[in-house]
Amino acid sequence: MDSFRTHSNVNRTTKNKAKWVFVMSGVLSLALGGLLATAQTSTPTTSPAIIAELGKPVPDFELKDVDGQVHKLSQYRGKTIVLEWFNPDCPFVKVAHNEGKLAQKAKAHAASGGVWLAINSGAPGRQGHGQERNQKARAEFSIKYPILMDESGHVGRLFDAKKTPHMFVIDAQGVLVYAGALDSTRGAGYKVDRFDDYLSDALKSVADKKPVAVPSTKAWGCSVKYQR
């Protein structure tokens with residue numbers, strides 16, 4: 001009889017331990033599930049990059065020029081802004097400046113109250129990169145406007161800039177109204193009787209407060225030397 005009682009007590013104790021282990025396992029599972037759910041809901045998500053779109057306000061950005069001065073796009077709000085993607089060693093850029101007189105167009109635009117900014121999105125070690133090289137380019141091309149350095153390529157990708165030169169016009173309300181080629185020469189030179197001057201036409205339309213007739217064209221030039 002004593003042996004039977006002892007055996008019963010052992011069984012009862014074993015069953016109680018099993019119940020306790022089962023209950024605690026359930027509690028731990030619930031707690032772990034809660035922690036995982038909390039971790040999942042609290043993990044920050046990365047928002048997609050904003051791409052500038054025709055007819056819509058452009059994303060703001062901040063870059064330093066070759067002299068270290070900071071330029072924020074929004075500081076020029078209220079003026080017509082031209083963005084020129086730039087690479088001083090690109091043959092197409094040389095033609096656009098030396099034959100197409102791009103710096104003179106920029107000077108005329110500034111005289112009318114507008115803003116002109118060159119942006120070099122070339123990565124370190126790639127063609128046309130570097131503060132010193134771009135400082136020298138100002139003298140080579142008689143550039144009087146800021147040349148902004150975008151080594152990471154972040155701003156170039158915001159605007160989906162593909163070529164140098166790739167031109168963008170932003171109106172006084174901060175809306176992108178033109179994106180594309182400088183003109184219809186495709187960089188072949190300016191010894192032709194006639195060509196379409198897309199950029200000048202776009203700027204004239206903005207000045208006349210009219211819609212840009214040709215708001216988008218295919219840019220020509222060297223590929224932007226983004227970081228690989």
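The first residue of the sequence shown is numbered 1, and numbering continues consecutively from there. Side-chain atoms are counted along with the backbone in the values below, which use heavy atoms only and exclude waters and symmetry mates.
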For this session: Under the salt bridge (Lys or Arg N to Asp or Glu O under 4.0 Å) rule, what do Lys225 and Asp89 come out as? Steps first, then yes or no, please.
Result: CA-CA 11 Å; Lys225 310 305 181 189; Asp89 294 326; over 6 Å; no

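- Note: the hydrophobic cluster containing Leu148 also contains Val58 (ILVMFWY, side chain heavy atoms under 4.5 Å, direct or indirect links).
- For the atom pair Arg133 CZ and Glu140 CD, the distance stands at 4.0 Å (nearest 0.5 Å).
- Between Leu199 and Asp183, every side-chain heavy-atom pair lies at or beyond the 4.5 Å cut-off.
- Checked by atom type and distance alone, the side chain of Lys209 never pairs as donor or acceptor with a backbone atom of Val206 at under 3.5 Å.
- Between Gly187 and Phe92, the closest heavy-atom pair is CA-CD2, 3.8 Å.
- Nearest heavy-atom pair, Ser121 versus Tyr226, reported as atom, atom and distance to 0.1 Å: CB-CE2, 3.8 Å.
- Residues Ile143 and Phe86 form a side-chain contact, since some pair of their non-hydrogen atoms from C-beta on lies under 4.5 Å apart.
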Problem set entry | Stepwise side-chain contact (heavy atoms from CB on, under 4.5 Å) check, Leu176 with Glu53 | CA-CA 7 Å; Leu176 183 64; Glu53 295 182 46; 5.9 Å; no

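- Val155 is not connected to Ile147 by any chain of hydrophobic side-chain contacts under 4.5 Å among Ile, Leu, Val, Met, Phe, Trp and Tyr, and they are in different clusters.
- The NE2 atom of His109 sits 10.5 Å away from the OG atom of Ser200 when rounded to the nearest 0.5 Å.
- Criterion: ILVMFWY side-chain heavy atoms under 4.5 Å apart, direct or through other members. Under it, Val95 and Phe195 are part of a common hydrophobic cluster.
- In this structure, Tyr145 and Leu117 have side chains that are not in contact, with every pair of non-hydrogen atoms separated by 4.5 Å or more.
- Put simply, the side chain of Trp220 reaches to within 4.5 Å of the side chain of Pro165, judged on heavy atoms.
- To the nearest 0.5 Å, the span separating OG1 on Thr185 from NZ on Lys191 amounts to 13.5 Å.
- Taking 4.5 Å as the limit, every side-chain heavy atom of Asn120 sits out of range of all side-chain heavy atoms of His129.
- Between Pro88 and Val93 the shortest side-chain heavy-atom distance does not fall below 4.5 Å.
- Side-chain atoms of Phe168 and Ile81, non-hydrogen and from C-beta on, never get closer than 4.5 Å to each other.
- In this structure, Val224 and Ala161 approach most closely via the heavy-atom pair CG2-O, 3.6 Å.
- For the side-chain hydrogen bond (donor to acceptor under 3.5 Å, both in side chains) with His97, the lone residue among Glu84, Gln104, Lys105 that qualifies is Glu84.
- Of the possible donor and acceptor atoms, none in the side chain of Glu99 sits under 3.5 Å from a partner among the backbone N and O of Gly189.
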Problem set entry | CA sep, side-chain torsions, deciding dist, call: Thr217, Tyr178, side-chain contact (heavy atoms from CB on, under 4.5 Å) | CA-CA 8 Å; Thr217 60; Tyr178 177 75; 2.6 Å; yes

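- Put simply, the residue from Val175, Thr80, Leu73, Val177 that forms a side chain to side chain contact (heavy atoms under 4.5 Å, CB included) with Ile170 is Leu73.
- Looking at every heavy atom in both residues, Lys162 comes nearest to Asp160 through NZ-OD2, 2.7 Å.
- With hydrogens and angles ignored, the 3.5 Å screen pairs no side-chain donor or acceptor of Asp196 with any backbone N or O of Ser184.
- Judged purely by atom type and a 3.5 angstrom limit, Glu62 has no side-chain atom pairing as donor or acceptor with the backbone of Lys72.
- Under the 4.5 Å side-chain heavy-atom criterion for Ile, Leu, Val, Met, Phe, Trp and Tyr, Tyr198 and Val82 are members of the same hydrophobic cluster.
- With a 4.5 Å cut-off on side-chain heavy atoms, Phe141 and Leu102 do not count as touching.
- Taken together through direct or relayed side-chain contacts under 4.5 Å among Ile, Leu, Val, Met, Phe, Trp and Tyr, Leu63 and Phe159 form part of one hydrophobic cluster.
- Expressed to the nearest 0.5 Å, how far CG of Asp171 lies from CZ of Arg77 amounts to 8.5 Å.
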Problem set entry | Worked check of salt bridge (Lys or Arg N to Asp or Glu O under 4.0 Å) between Arg126 and Glu151 | CA-CA 10 Å; Arg126 306 213 65 194; Glu151 293 183 351; over 6 Å; no

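- Taking CD of Gln135 as the start and CE of Met149 as the end, the distance is 9.0 Å to the nearest 0.5 Å.
- One finds the NZ atom of Lys56 at 12.0 Å from the CD1 atom of Ile51 (value rounded to the nearest 0.5 Å).
- Ring pair His71/Tyr76 is parallel by interplanar angle, where below 30° counts as parallel and above 60° as perpendicular.
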For this session: Evaluate side-chain contact (heavy atoms from CB on, under 4.5 Å) for Arg138 paired with Asp67, printing each intermediate quantity in order.
Result: CA-CA 11 Å; Arg138 289 185 302 190; Asp67 295 321; 2.7 Å; yes

